[in-house]
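Notes for the one structure printed next.
The structure presented is a predicted model; accordingly, all values stated were derived computationally and were not measured. Residue numbering restarts at 1 for every chain, and letters A, B, ... go by the order of the sequence lines.
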Protein chains: 2
Amino acid sequence: MFTKVLVAEDYEIANQGIIKILNDKIGIHNIQEAKYCDDAYLKFRKAYNDKEAFELLITDLSFREDHKIQTRASGIDLIKDIRSVQPDIKVIVYSQENRPDKINMLFEKLDINGYVCKGQHAIKELIACVNGVYQNNTVRPPELTNNTAINTMIHLDDLDMMLLEELSQGFTKKEIRTKLKKQKISPNSESAIDKRVSKLFDDFKAKNTTHLVAIVKDLGLL
Amino acid sequence: MFTKVLVAEDYEIANQGIIKILNDKIGIHNIQEAKYCDDAYLKFRKAYNDKEAFELLITDLSFREDHKIQTRASGIDLIKDIRSVQPDIKVIVYSQENRPDKINMLFEKLDINGYVCKGQHAIKELIACVNGVYQNNTVRPPELTNNTAINTMIHLDDLDMMLLEELSQGFTKKEIRTKLKKQKISPNSESAIDKRVSKLFDDFKAKNTTHLVAIVKDLGLL
DNA sequence: GACCATATTACAGAAATCTGTAAGGACATA
DNA sequence: TATGTCCTTACAGATTTCTGTAATATGGTC
């Protein structure tokens, strides 16, 4: 089993919870914790330089903003930076994120080894994940395999996201059209935008713009 | 210090984290945990009947829905039920909720003894809270005292909330007006509703309905 | 080039939104 | 009763939203 693990998670209680599981249930005792990305990187770097490198990184994705100025804003940056130094370190992400496309992105772009959703069954999943990753498997969360939900079906491109963002900020379609023209993004005609938004209505089964934004906010896409 | 504590929290990792803090930092070792409200109540009831009652309950507010059917949906119900049996038990709520009015409601309506926000400084806050509550103090989170934010300033009555809810569900003002008339809620005229919504625009500095709903969703009021 | 599917654009009309003004009712105070 | 304030209602007009139809453009395939 892994003997040396780094845990990066800003929620202290969750941080302690992970350590307790690793301790009690998996028997890993050489654990260091960090509440900030930069702090995590420093601890990683020191261990690496001392030839006592970590074998596994367990990290959250989002770190709440704080008074401390961070060069790394998210766990994604942290993973990239650490992997650029020590490419073979195993990485497990432990996060609230449950959007399949986002989680898949982590596996595809960052080549992470495992993912555990914060939730009711996190202990069992974490244990299974650490064991699986130790055996060189890629461990995706059960939600991902079962859940072929809306998010995966509906493909939102950059323009869709921009439209949703602008609409949620209260801009009229005329204003949005003007912005698009200024940025020389096409399509930028009134009816093209109308069509795009109407398609979003269909996709999300929304009655109007307000409803659409409410749905998308609830889904956490915005 | 307290000697017997019940922890009700459905997120397993957080659950373990709390127990670790109570163990390591406060020296409480007689701790029972529950992942479901009903389970928590049963454990409470058993201890009470065995004359080995809990002295402190630490509970979350929201429990994720699951396949298990629960008679108690939220921590609020749990607190009410437990207090109706053992009125003098101390209660600390540990939750993500950060809306001042909601938190204040807990202190006023449920007479809870302490509140800790899930977050970066939860350990320090939890320790301070348990200590404070043990000394018969009421411990409100630091956020609450500092944050005289929008939420506290803007008073939203039932009609306001209903309007926001209906609008976010994509109903037109005409539809809303019809609903109000059916339920014999006044005011129900088109212009009265317009005025109400316009006031909400002013309050939340929204440009239009869509913007308003987006803001309110972000604030977590809806 | 010819063909097809798809995406963009133009235009138009009904419906809904948003912002005013003005008038009436409820209620408290003097 | 008179006065003032606040809330509700009625109405109107400009703007925006939403939904169509139809023409044009784009990109890929044969």
Side-chain angles (χ1 to χ4, degrees), chain A residues 152-219 221-222, chain B residues 150 153-219 221-222:
Chain A
T152 45
M153 310 298 291
I154 303 176
H155 177 67
L156 300 178
D157 63 17
D158 289 346
L159 181 60
D160 290 323
M161 290 306 295
M162 160 161 187
L163 289 180
L164 289 172
E165 181 61 35
E166 296 287 323
L167 288 173
S168 79
Q169 288 179 19
F171 293 107
T172 67
K173 287 173 182 170
K174 193 185 287 180
E175 289 172 316
I176 296 174
R177 192 182 55 194
T178 309
K179 280 196 186 183
L180 286 172
K181 279 185 179 161
K182 268 190 187 170
Q183 297 177 33
K184 304 200 173 168
I185 299 172
S186 88
N188 54 41
S189 72
E190 193 168 350
S191 59
I193 296 173
D194 278 352
K195 289 264 189 298
R196 278 302 250 277
V197 176
S198 289
K199 181 162 178 356
L200 293 175
F201 287 174
D202 290 344
D203 289 343
F204 291 100
K205 311 207 190 313
K207 298 176 193 165
N208 53 39
T209 309
T210 304
H211 194 197
L212 175 66
V213 166
I215 291 170
V216 171
K217 284 275 180 194
D218 281 344
L219 286 173
L221 296 176
L222 218 60
Chain B
I150 305 174
M153 310 299 290
I154 302 177
H155 177 67
L156 300 178
D157 63 18
D158 290 345
L159 180 59
D160 290 322
M161 289 308 293
M162 162 165 187
L163 289 179
L164 290 171
E165 182 61 35
E166 297 286 323
L167 288 172
S168 79
Q169 288 178 19
F171 293 107
T172 66
K173 286 173 183 170
K174 194 186 286 182
E175 290 172 316
I176 296 174
R177 192 183 55 194
T178 309
K179 280 195 185 182
L180 286 172
K181 279 185 179 159
K182 269 190 185 168
Q183 297 177 32
K184 305 199 173 169
I185 300 172
S186 86
N188 54 41
S189 73
E190 194 167 351
S191 59
I193 297 173
D194 279 351
K195 289 263 189 302
R196 276 303 246 276
V197 176
S198 288
K199 181 161 176 0
L200 292 174
F201 287 173
D202 289 344
D203 289 344
F204 291 99
K205 310 206 189 314
K207 297 175 193 165
N208 53 40
T209 308
T210 303
H211 194 197
L212 175 66
V213 166
I215 292 170
V216 171
K217 285 273 180 196
D218 281 344
L219 286 174
L221 297 176
L222 217 60

Do any N or O atoms from the side chain of N188(A) and from the backbone of R177(A) form a donor-acceptor pair under 3.5 angstrom?
-> no
On DNA chain D, nearest-nucleotide positions of L167(A) versus D194(B): which is more 5'?
-> D194(B)
Rounded interatomic separation in angstrom, taking CD1 from I193(A) and P from dA7(C) = 16 Å
Taking the side chain of P187(B) as heavy atoms from C-beta outward, which of dA16(C), dT8(D), dT17(D) is closest to it?
-> dT8(D)
Would you find more than 12 non-hydrogen atoms of other residues, nucleotides or ligands less than 6.0 Å from K181(A) atom NZ?
-> yes
Using atom CZ of F201(B) as one end and atom C1' of dT16(D) as the other, report the distance to the nearest whole Å.
-> 12 Å
Ranking dC18(D), dT9(D), dT9(C) by distance to the side chain of N208(A), first place goes to dC18(D)
How long is the line joining CD1 of I185(A) and C1' of dT8(C), in whole Å?
-> 15 Å
Over 12 non-hydrogen atoms of neighbours within 6.0 angstrom of CG in D158(A) = no
Within the pair R196(B) and dC7(D), is there a side-chain N or O less than 4.0 Å away from OP1 or OP2?
-> no
Is it true that a side-chain atom of Q169(A) and a backbone atom of E166(A) form a donor plus acceptor pair closer than 3.5 Å?
-> no
Whichever of K173(A) and S189(B) has the more 5' nearest nucleotide on DNA chain D, that residue is S189(B)
Short side-chain N/O contact from N188(A) to OP1 or OP2 of dT9(C), under 4.0 Å = yes
R177(B) CZ to dT17(C) P: how many Å, rounded?
-> 10 Å
Mark yes or no for a side-chain to base donor-acceptor pair under 3.5 Å between T172(B) and dA16(C), with no hydrogen or angle criteria applied.
-> no
Please check the phosphate of dC7(D) (OP1 and OP2 only) for any side-chain N or O of K199(B) closer than 4.0 Å.
-> no
Between dC18(D) and K207(A), is there an OP1 or OP2 to side-chain N/O distance shorter than 4.0 Å?
-> no
Would you state whether a donor and an acceptor, one from the side chain of K195(A) and one from the base of dT21(D), lie under 3.5 Å apart?
-> yes
If you take atom types as modelled and just measure distance, does the side chain of S191(B) reach the base of dA10(D) with a donor-acceptor pair under 3.5 Å?
-> yes
Grab the CG-C1' distance between D157(B) and dT8(D) for me, whole Å please.
-> 14 Å
Of the nucleotides dT19(C), dT17(D), dT8(C), which one has an atom closest to the side chain of T209(A)?
-> dT17(D)
Take the protein atom CD of E190(A) and the nucleotide atom C1' of dA22(D), then report the distance between them rounded to whole Å.
-> 17 Å
Starting at atom CG of L212(A), determine the distance to atom C1' of dC18(D), rounded to an integer number of angstrom.
-> 13 Å
Whether over 12 other heavy atoms sit under 6.0 Å from K205(A) NZ | no
What is the distance, rounded to the nearest whole Å, between atom NE2 of H211(A) and atom P of dT17(C)?
-> 14 Å
